[in-house]
Amino acid sequence: MGAKGYRTIYLGPADGSVNKAPLTVEGIATEASILPGAVLDFAAASAGLELMDDAATVFGKPLMIANKQEMTSEDIDTAWTINESMVGLKPRSGEFFNVLCVTAQALVRGTPMTRSAVTPGALVKAAIDGTEEILCYADEVGTTAATQLIRVYAV
């Protein structure tokens with residue numbers, strides 16, 4: 001993990017189907033420094049998009065991921081700025097994405113992931129006892145050394 005040279009957020013469907021483009025949502029960035037791969041939420045009163053900061057025990061919040069700024073050919077390390085028109089990606093079942101995950105997460109393929117209330121916009125390992133909403137599953141093996149991108153697939 002970490003030295004894979006990630007260059008994109010959307011990786012595509014597992015089956016190579018005709019859905020070669022992700023579902024997108026456009027909105028105004030209501031927070032500064034939203035990195036590509038961050039988990040997003042709709043801001044209050046439809047004001048735009050912000051980092052997801054709800055607890056994992058809040059159910060019914062779908063996974064939405066900040067894309068990189070493709071119109072200006074930015075890389076995955078360039079954050080969206082406040083009031084910039086940004087793009088969020090809404091995963092469909094079987095699609096793969098690179099998403100931010102917090103530090104010190106020991107992952108194996110199939111690890112259930114949920115949102116982090118401590119680190120807004122990032123994923124953590126989910127409890128498997130039904131108390132936390134599972135948003136996606138890790139598709140990598142290793143331990144995160146920092147808040148970094150990991151490959152996940154949607155449920």
* Does N98 offer a backbone N or O that forms a donor-acceptor pair with the side chain of R151 under 3.5 Å? -> no
* Structure fact -> side-chain contact (heavy atoms from CB on, under 4.5 Å) with F97: of L149, I150, L89, only one passes, and it is L89
* Could you tell me which non-hydrogen atom of C136 sits nearest to which non-hydrogen atom of A154, and how far apart they are? => CB-CA, 4.4 Å
* Structure fact -> For V39 and L123, the nearest pair of non-hydrogen atoms, with its separation, is CG2-CD2, 3.8 Å
* **Approximate separation, where rounding is to 0.5 Å, of L100 CG and T147 OG1** => 7.0 Å
* Structure fact -> P112 and I128 have their tightest heavy-atom pair at CG-CG2, 3.4 Å
* Asked: Backbone N or O of A122 within a donor-acceptor pair of the S116 side chain at under 3.5 Å?
  -> no
* Asked: Which residues, ordered by chain and number, are linked to V124 in its hydrophobic cluster, where ILVMFWY side chains connect at heavy-atom gaps below 4.5 Å, directly or through other members?
  -> V102
* Can you get from L40 to I9 by hopping between Ile, Leu, Val, Met, Phe, Trp and Tyr side chains that sit under 4.5 Å apart? -> no
* Could you grab the distance from atom CE of M86 to atom CD of E50, nearest 0.5 Å is fine? => 11.0 Å
* To do: Determine whether C101 and M113 make a side-chain contact, defined as any pair of heavy atoms from C-beta on separated by less than 4.5 Å.
  => yes
* **Contacts of type side chain to side chain contact (heavy atoms under 4.5 Å, CB included), residue D53, not counting sequence neighbours** => P120
* Structure fact -> Interatomic distance, OH@Y10 vs NZ@K68, rounded to 0.5 Å, equals 14.0 Å
* Asked: Is there a donor-acceptor contact under 3.5 Å from the side chain of T111 to the main chain of V108?
  -> yes
* To do: Mind listing the closest non-hydrogen atom pair of A117 and A55 along with its distance?
  => CB-CA, 3.8 Å
N/O donor to acceptor pairs below 3.5 angstrom from side-chain atoms of residues 56-64, sequence neighbours left out:
| unit_1 | atom_1 | unit_2 | atom_2 | d |
| --- | --- | --- | --- | --- |
| K61 | NZ | D41 | OD2 | 2.9 |
| K61 | NZ | D54 | OD2 | 3.0 |

* Going by side-chain heavy atoms closer than 4.5 Å, which hydrophobic residues are tied to V155, directly or by a chain of links? -> L11, F96, I134, Y137, Y153
* How many angstroms lie between atom CD1 of I76 and atom CD of Q69, to the nearest 0.5 angstrom? -> 14.5 Å
* Specify the closest pair of heavy atoms between T103 and A145, including all atoms of both residues, with the distance to one decimal. => CG2-O, 3.7 Å
Under 3.5 Å, sequence neighbours excluded: what are the donor-acceptor pairs made by side chains of residues 22-35?
| unit_1 | atom_1 | unit_2 | atom_2 | d |
| --- | --- | --- | --- | --- |
| T30 | OG1 | L49 | O | 3.0 |
| E31 | OE2 | L51 | N | 2.8 |

* Asked: Got a sec, which pairs hit salt bridge (Lys or Arg N to Asp or Glu O under 4.0 Å) with one end in residues 120-134, sequence neighbours left out?
  -> R115-E133
